[in-house]
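Presented below is the structure to which this report refers.
Numbers here are sequence positions counted from 1. On a predicted model such as this, the values are computed, not experimentally measured, just so you know.
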Amino acid sequence: MIKKLIQRLFRRREDTLQTGPAGPKGQAARRGRLPSEPVRYSGSTEGVHREDVSNAALRTCETLQKAGFKAYIVGGGVRDLLLGLKPKDFDVATDATPEQVTKQFRRSRLIGRRFQIVHVMFGRETIEVSTFRALQTDAETDAHGRVLRDNVWGTEAEDATRRDFTINALYYDPVADVILDYHDGVKDLRHRTLRMIGDPATRYREDPVRMLRTARFAGKTGFAIEEATRAPIRELAPLIHNVPPARLFDEMLKLLQSGHSLESLRQLRSEGLHHGLLPLLDVILEQPDGERFIHVALTRTDERVLDGKSISPGFLFATLLWQQVRVRWNARVADGEQAIPGLHAAIDSVLEEQGAELAIQKRIMADMREIWALQPRFERRSAGAAQRLLEHLRFRAGYDFLILRCDAGEASAELGAWWTRFIDADSAERQTLLSEAPSGGAARKRRRRRPAGRKSDEGTAAPQNQEG
């Protein structure tokens, strides 16, 4: 009888681990159980070639394998290669512990607390190396189910099951030219389907950022979100507010620099994730003027990313939050406040409000502040004011921002065209442009002739220290 019981248990285990994706194996994955041995694909047959992998990632895998460890390229790098895209970066997963990894590489450092990883540096390229994580039933979580500590090492199969989407749970060994697929990620790529591994609601509670990643990947790839993966998002969307601001900022930056930021923001709105994510972003997207400006700004951003050009984080967030600055600025001026002090007060209020949600670095906030503060100065086209503005360290960013405003219909096309001509003009041409410009210089002379102590009623003029 005991022998029959053992045989029955063994058969049940075999049914769980070895049947196909449409049957018990797929159901087991939904319940968080371990999959069977992975399906193996030839990388070159699937269109993934060793020469498509960065030299740094290849050397990382080779070094770890020569030391007796497993090492694979994982996640987005494999996904993008299978889609025929050029990955922005490559991550490596291994059975070596972080301490063992650092011993293999002279230029490496251990980072992270909740999720320890190793950064391995090769020149200007950094490879992120993570150790296989274990499935945990007793992980430390907060009151909402978010995992707080996650440094329990596990097996390759456990690590695959812990990953978010099936298309991100692919392991590529560039040395052996083999792709390991534990959760039918290759099939989902072929069917253009975004599917969460395990129970979606549980996975979102473990890490609410996964809801943002769902929107980002759907926007980037154009894949359809599987209904079971989509269903819990609206109900669980408020959990986003429990995410540490620094992680939220990092995820938003990834979304904005994905090359598909406009579609990703639309996806956020579609899934009900935009409310409160950026302060008043929901209001911005529902205002016709704001909608047009955001559309123009992010379309240009996506074009630059897809052309391989760099994008300033400060410029990105300046575009997203400009409409709120503008609305508050206009309200202050309408209440009788002078334009320049009103602008700076509006900037302060928006950045203070923003800081409660996203941990934007101070240097990025400084860039945003300068881009916004430069905008009124483009209206003043006297010889001295124009030259000083042209010499400003943030002039180019401020000018690019002005052109966005012009293209969105917020600033006059004539103003943008004048500055475009002024930038490229020689000395004689600049004098001609200055003489043809509205008489900002004359207004300044009249203001200088006023008796000392008399206040100017010209609200649009910047204080003296704004031109230095």
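A salt bridge links Glu353 to Arg328: one of the charged nitrogens lies within less than 4.0 Å of a carboxylate oxygen. Using a 4.0 Å cut-off between charged side-chain N and carboxylate O, Glu206 and Arg203 make a salt bridge. The pair Arg388-Glu391 does not count as a salt bridge, with every side-chain nitrogen at least 4.0 angstrom from each carboxylate oxygen. In summary, Asp207 and Arg247 engage in a salt bridge, as defined by a charged side-chain N under 4.0 Å from a carboxylate O. The pair Lys86-Asp52 does not meet the salt-bridge criterion, since no charged nitrogen lies less than 4.0 angstrom from a carboxylate oxygen. One finds no salt bridge joining Asp80 and Lys88 here, because no Lys/Arg side-chain nitrogen approaches an Asp/Glu carboxylate oxygen to under 4.0 Å. Of the charged side-chain nitrogens involved, none lies within less than 4.0 Å of a carboxylate oxygen, so that Arg133 and Glu156 do not count as a salt-bridged pair. For Glu379 and Arg405, the salt-bridge test fails: no basic side-chain N is under 4.0 Å from an acidic carboxylate O. With respect to the salt-bridge test (charged N to carboxylate O, under 4.0 angstrom), the residues Glu271 and Arg230 qualify. A salt bridge does not link Arg79 with Asp188: every distance from a Lys NZ or Arg NE/NH1/NH2 to an Asp or Glu carboxylate oxygen is 4.0 Å or more. Salt bridge status for Arg394 with Asp367: present, with a side-chain N to carboxylate O gap under 4.0 Å.
Open room surrounds CZ on Arg421; 12 or fewer heavy atoms of other groups in view lie less than 6.0 Å from it. Around atom CD of Glu99, more than 12 heavy atoms belonging to other residues, nucleotides or ligands sit under 6.0 Å away. Arg192 CZ: more than 12 foreign heavy atoms inside a 6.0 Å radius. Other residues, nucleotides and ligands contribute at most 12 non-hydrogen atoms within 6.0 Å of the CZ atom of Arg40.
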**Message:** Run the ring pair (Phe, Tyr, Trp, His ring centres under 6.0 Å) test on Phe317 and Phe249 for me, step by step, so that the C-alpha distance in whole Å, both residues' side-chain angles and the decisive distance to 0.1 Å come before the verdict.
**Reply:** CA-CA 10 Å; Phe317 281 95; Phe249 173 73; 5.2 Å; yes
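Side-chain contact, Thr166 with Asp184: no donor N or O sits under 3.5 Å from an acceptor N or O. Residues Asn55 and Glu125 have side chains that never bring a donor and an acceptor to within less than 3.5 angstrom of each other. For the 3.5 Å distance criterion, the side chains of His119 and Ser108 fail to qualify, holding no donor opposite an acceptor. Side-chain contact annotation: Gln100 with Gln104, donor-acceptor N/O pair under 3.5 Å absent. Using modelled atom types and a 3.5 Å distance limit, the side chains of Glu410 and Trp322 yield a donor-acceptor pair. There is no side-chain donor-acceptor pair under 3.5 Å between Tyr182 and Glu37.
A perpendicular orientation is assigned to the rings of Phe422 and Trp419, their planes being inclined by more than 60° (bins at 30° and 60°). Ring geometry, Tyr72 versus Tyr171: the interplanar angle exceeds 60°, so the pair is classed perpendicular (tilted spans 30 to 60°).
A pairwise comparison of heavy atoms in Gln257 and Val305 identifies O-CG1, 3.6 Å as the closest pair. Scanning both residues, Gly416 and Tyr399, for their nearest heavy atoms gives O-CE1, 4.5 Å.
Partner of Arg216 under the side chain to side chain contact (heavy atoms under 4.5 Å, CB included) criterion, chosen from Leu256, Leu255, Leu265: Leu255.
Using a distance-only test at 3.5 Å, with no hydrogens or angles considered, a donor-acceptor pair links the side chain of Asp177 to the main chain of Ser44.
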